[in-house]
Amino acid sequence: MNPAPSTASRLTITRPDDWHLHLRDGAAMAAVLPCSAAQFARAIVMPNLREPITSTAAALAYRQRILAALPEDRPSFTPLMTLYLTDQLAPDEIRRAADAGIVAAKLYPAGATTHSSAGVTDIRKLYPVLEAMQQLGMLLLVHGEVTDPDVDIFDREAVFIDRVMAPLRRDFPALKVVFEHITTREAAQYVAQAGAHTAATITAHHLLYNRNALFMGGLRPHHYCLPVLKRESHRLALVEAATSGSDRFFLGTDSAPHAAALKEASVCGAGCFTALSALELYAEAFEAAGALDKLEGFASHHGPAFYSLPRNPGTLTLERTDWTLPETLPFGDALLKPLRAGQVIGWRVQAG
Ligand code: DOR
Ligand code: ZN
């Protein structure tokens, strides 16, 4: 049973981490980085840049660019770097990456999402790499959708479980796998029963919205992300998983900034920019489920446990205050529209 909704006016939790974040590069990165650094101590930085991060050297150089762009008031924000898996990546590169402190590698099925054309065409080609990762304790992060055009877009995650995830688990039982940004009841159920080496991240937008949000009074490009929003029964299953207290589910915003002009175009890129109000959105979702008491585990404890990292020393406080999100933010030489632009949200992260 869920407890009665809390009426407290503030909530203090261990400083959280974002286990799935797109920061981009250059001026765009410098524009969005302060949002994440204001709320999170660490973030898993996704490697799907226009020129994907496929080597240790590229990951370390990217890390340096992020550190150099950190705002002065948040010098201790820690980007945790990832490698982008391709058909060509050699197991030796995995060893170099592990030695250099790169914690994970990301599997994008080729063509599944933004900047994924260099991704993996057949997971069997990766087996020597996965063997090395399993040995070295490097995590595998998975965009879990098949790309088969014959599979309906709303079914691509569920089909991925049968075609890819289950065989992967069978063949690499000791590999730590994060099923990223899960969106379906099938994925939540799969992860809940898959054993201690499988976990999942869940975004705030998949906890708050179902697919009707894509079509409210007209096509809504700022609600378009991948995996695409699903029907209400799936949203409810995600809320149940996130608020269950199970340490196999944790926070990953998948905050994915795209210039507003490119979102509002005849072909709209996939991604919701949520980093500006990430914890506020999660707090809203957990409060609506009567489970604010489960937010700290999800946001701050379960991720470090799965990644075998310490919890953060500091705290973050959310206050119950209405505020209006800006319509736009600067984004290099473009503009960025946050999810909920111009709308009111009922929680606010306290500065500090
Ligand atoms: O919505 C998404 N946006 N999903 C992804 O998998 C990638 C991301 C991006 O990089 O824009
Ligand atoms: Zn992502």
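Just so it is clear, the values below take in all heavy atoms, side chains as well, and ignore hydrogens, waters and symmetry mates. Numbering of ligands and ligand atoms starts at 1, following listing order.
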Between the main-chain N or O of Q39 and the side-chain N or O of R15, is there a donor-acceptor pair closer than 3.5 Å?
-> yes
Would you mind checking if R163 and D148 are paired as a salt bridge, meaning a charged N to carboxylate O distance below 4.0 Å?
-> yes
Under 4.0 Å from any heavy atom of H143, which atoms of ligand 1 are there?
-> 6 (O)
Parallel, tilted or perpendicular for Y307 and W19, by the 30°/60° rule?
-> parallel
For C272 and ligand 1, does the shortest N/O to N/O distance drop below 3.5 Å?
-> no
Is it the case that more than 12 heavy atoms not belonging to Q350 sit under 6.0 Å from its CD atom?
-> yes
Under a 4.0 Å N-O cut-off, is there an ion pair linking R10 with E319?
-> yes
Which ligand 1 atoms, with their elements, are less than 4.0 angstrom from a heavy-atom of A270?
-> 1 (O), 2 (C), 3 (N), 8 (C), 9 (C), 11 (O)
R24 to ligand 1: N or O pair under 3.5 Å?
-> yes
Taking the Zn ion (ligand 2) as the reference point, name the nearest N/O/S atom of D254.
-> OD1
Those atoms of ligand 1 less than 4.0 Å from some heavy atom in H258 = 9 (C), 11 (O)
Should the ring pair H181 and H20 be called parallel, tilted or perpendicular, given that the plane angle runs from 0 to 90° and is split at 30 and 60?
-> tilted
What atoms of ligand 1 come within less than 4.0 Å of a heavy atom belonging to A256?
-> 3 (N), 8 (C), 9 (C), 11 (O)
Counting from 1 in the order shown, the ligand 1 atoms closer than 4.0 Å to a non-hydrogen atom of N48 are 9 (C), 10 (O)
Please answer whether the main-chain N or O of F250 pairs with a side-chain N or O of H302 as donor and acceptor at a distance below 3.5 Å.
-> no
Taking atom 1 (O) of ligand 1 as the reference point, the nearest protein heavy atom with its distance | L226 N, 2.9 Å
Aromatic F306 / basic K176 pairing, under 6.0 angstrom, 45° off normal = yes
Backbone, side chain, both or neither: what part of M46 comes under 4.0 angstrom of ligand 1, heavy atoms only?
-> neither
With rounding to 10 degrees, H22 NE2, the Zn ion (ligand 2) and H20 NE2 define an angle of 110°
C225 heavy atoms, cut-off 4.0 Å: which ligand 1 atoms fall inside?
-> 1 (O)
Can a cation-pi geometry be assigned to R235 and Y209, taking NZ or CZ under 6.0 Å from the six-membered ring centre and within 45° of the ring axis?
-> no
If we only count N/O pairs under 3.5 Å, is T113 in contact with ligand 1?
-> yes
